[in-house]
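Taking it in order: structure first as structure tokens, then the write-up.
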4 protein chains.
Amino acid sequence: MKREKPKYMQIIDAAVIVIAENGYHGSQVAKIAKQAGVADGTIYLYFKNKDDILISVFKEKMGVFIERLREIAHRPISTEEKLYELVKNHYTILQNDHHLAIVTQLELRQTRKPLRTKISDILREYLSLYDYILKEGIENGVLKDSIDIRLLRQAIFGMIDETSTSWVMTGQKHDLVSLTDEVHQLILHGLKK
Amino acid sequence: MKREKPKYMQIIDAAVIVIAENGYHGSQVAKIAKQAGVADGTIYLYFKNKDDILISVFKEKMGVFIERLREIAHRPISTEEKLYELVKNHYTILQNDHHLAIVTQLELRQTRKPLRTKISDILREYLSLYDYILKEGIENGVLKDSIDIRLLRQAIFGMIDETSTSWVMTGQKHDLVSLTDEVHQLILHGLKK
Amino acid sequence: MKREKPKYMQIIDAAVIVIAENGYHGSQVAKIAKQAGVADGTIYLYFKNKDDILISVFKEKMGVFIERLREIAHRPISTEEKLYELVKNHYTILQNDHHLAIVTQLELRQTRKPLRTKISDILREYLSLYDYILKEGIENGVLKDSIDIRLLRQAIFGMIDETSTSWVMTGQKHDLVSLTDEVHQLILHGLKK
Amino acid sequence: MKREKPKYMQIIDAAVIVIAENGYHGSQVAKIAKQAGVADGTIYLYFKNKDDILISVFKEKMGVFIERLREIAHRPISTEEKLYELVKNHYTILQNDHHLAIVTQLELRQTRKPLRTKISDILREYLSLYDYILKEGIENGVLKDSIDIRLLRQAIFGMIDETSTSWVMTGQKHDLVSLTDEVHQLILHGLKK
DNA sequence: CATGAATGAGGATTCATTCAT
DNA sequence: CATGAATGAATCCTCATTCAT
């Protein structure tokens, strides 16, 4: 039965695994095709080229982050709670898929310009939800209104991203989600006692 | 006078320029050699291989960050002031050398395992100075003692790194150093009003 | 009405257009199929393989050359007149179908052995009509009997073919048929005054 | 001793042999490199790409045709004699190098546009010497002045080219140079008795 | 008869590295 | 120390052809 899974997602999923295990550089198209159980040429029926696979992986997986955060952003809860859920959501998705975590935190930090641009574009949608929550917080008088919102967003994302990368680079040994409380506290109140 | 500059630094400097302008991928050894004004083969008298050039670039340039931060860490000033200088120092070095900023924030985020490891090793020395300042702050009762010091460090570095990367990716148009006040405030007191 | 045209000729005609516009190299089977309005696989119900399309194109189109020349060869006119009509016929067919002209003069000059052989075989029938006319001319004492008939034929065909190719390569701008008089004269009396 | 032969000509000569024996299509760069006794990559120190090899082969070899014809064109002999030598020269060069003959008459008739253009450019210099001789003949009242000189040139070249191609396609069995007399006669006086 | 998704063999080209001079 | 000509491994992608529907 060919029905099971459309080949597109089959290849995406294979790519995540292969890239996580071999690095983008070590992930020949043939290797991804084999993992996906399709012929090399089949890849090109669904993706323009190799880079397009990576971009699509990011797009598809970022979709999950975005979808859930969007739901959080619209819940009838306080800004503090939304920020808490924001952090927890990010950590949870990464912790639940170690392969994805490697790809997201390490392999996707590609340097070639065109790729970088495409990835940024996708990330922008995710970060615009940060902005939504932050703006609301400022309007409600919960968050500082003296600082540029972009800077607030970068501060939050920087903390979450750096802690995630550290977690991945140290072998994903400890529990990432359990950092949520402390990181949430740091985001809101800073390092000062 | 090229004569007075040992070829080693000549190549390092050439590498920063070439990599910043062409990306690591587009920086063939031949191109770096040409920019440095030496023959291709000469590179290999000073560097083991191409990766070694990148690592050496990072090591040499990180040295400046480390040197200055070490001086700051030992000044007879408060922890708050040290953190202020830490941020300012990082931003200032990047802002003063746009080529270096590109290399540091974008091109060095290489994905290949061996390179990643080497770069982490070098970064560790820089980050250990963060730890020194943080530890002091905790002991003096200035900083939270309820949170793991590694997390505090990641929070600070994450913010600084993310803001720097954003600055580079948006074309280094605005003034980076002038963000110091706000970022310092976020580090200490968080986003909450 | 596509319905009335058997798919075989539909594909042949599509191939002439696609090959003329894209070159043999740029004429993927899929492109020909699309132009013909059939599925890729359908091509293989009518042709053994891609080369077979080209051969069939040549065979079908050469058929027109042959048919008309055969009629000319049997007309009750002088050898000189027959040679005149031979040239005019060749030029007229090419001039009336610019796509065909490109395919015949340029794209069909394929180099691969098997194709070359097949094309020669088809051409042979056309050229045997040249021989028929030439033989008659020799027997009637009109043409030189001192020169091998194959050489005479090659001389005529060489002139016609080269002038046709030049015409195609210069963009088919001038009138090809109007060269008939002069070429006819050259064939009969040579370059000498 | 690497001295013997500059690698450029070494590769050109290898290419002629390999292409003659395998066709352009069957002539992988690796095969040419092997025949030339160099590494694959070395080819690219001397040629921009594979097509450039073919173009260079044609340019180098056409040079011989041109050089010799130029000398003939300037000899103090009659136009008739020059045309005789022109034919003989062409046939002689081809007959003396069977590999070259195959490449020239068959493999070089490539269809891809850019290649075709480059080859035409090179051929033009050779044909301009035809024009030189023809113009002289017309001015001296030896040749017809009623026919466009380009047509005269195409007639001559067409005959020579077609007879050469026939000779190659029939396996280069008979003697090509011995056709000179008859072809010369056809060029000057045509087929008419 | 007709479809078109899937196949997978095949090859030009780049570029880090070496080593004879 | 310095050179730079030569090396050769390594891989993405195309596209003619098949065959299950």
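Quick note on labels: first sequence line is chain A, next is B, and so on, each numbered from 1. The figures that follow rest on heavy atoms only: side chains count, while hydrogens, waters and symmetry mates do not. None of the values given here were measured: they were computed from a predicted structure.
We find that Arg116(D) and Glu107(C) are joined by a salt bridge, their nearest charged nitrogen and carboxylate oxygen being less than 4.0 Å apart. Remark: Arg124(B) engages Asp121(B) in a salt bridge, criterion side-chain N to carboxylate O under 4.0 Å.
Remark: C1' of dA5(E) and CD1 of Ile43(A) are 14 Å apart, rounded to the nearest angstrom. Between the CG atom of Asp52(A) and the P atom of dC12(F) there is a distance of 14 Å, given to the nearest Å. Note: OH (Tyr44(D)) to C1' (dG11(E)) measures 9 Å, nearest angstrom. The distance between atom CG of Asn49(B) and atom P of dA9(F), rounded to the nearest whole Å, is 19 Å. In this structure, the NZ atom of Lys34(C) is 16 Å from the C1' atom of dC15(F), given to the nearest Å. Atom CZ of Phe47(A) and atom C1' of dC12(F) are 15 Å apart (whole Å). Note: CD (Gln28(A)) to P (dG10(E)) measures 20 Å, nearest angstrom. One can place CG of Leu54(A) at 13 Å from P of dC12(F), the figure rounded to the nearest angstrom.
One finds a side-chain N or O of Thr42(B) lying less than 4.0 angstrom from the OP1 or OP2 phosphate oxygen of dT3(F). The shortest distance between the side-chain N/O atoms of Lys7(D) and the OP1/OP2 oxygens of dA5(F) is not below 4.0 Å.
Residue Tyr46(C) is in sugar-phosphate contact alone, with no base atom involved, counting any heavy-atom pair closer than 4.0 Å across all strands shown.
Aromatic ring orientation, Phe65(C) versus Tyr126(C): perpendicular (interplanar angle above 60°, classes split at 30° and 60°).
Here dC13(F) is the nucleotide among dT13(E), dA6(E), dC13(F) with the atom lying nearest to any side-chain atom of Asp40(A). The side chain of Leu45(A) lies closest to dT7(E), out of dT7(E), dT7(F), dT17(F).
The partner of dC1(E) cannot be assigned: no Watson-Crick or G-U wobble pair with both contacts below 3.5 Å exists in any strand.
Although no hydrogens or angles enter the test, the distance criterion places a donor-acceptor pair under 3.5 Å between the side chain of Ser27(A) and the main chain of Gly23(A).
Within a 6.0 Å radius of NE2 in His98(B), other residues, nucleotides and ligands contribute more than 12 heavy atoms.
Residue whose closest nucleotide on DNA chain E sits further toward the 5' end, between Lys50(D) and Val29(B): Lys50(D). With DNA chain E read from its 5' end, the first of the two nearest nucleotides for Gly41(C) and Val38(A) is the one closest to Gly41(C).
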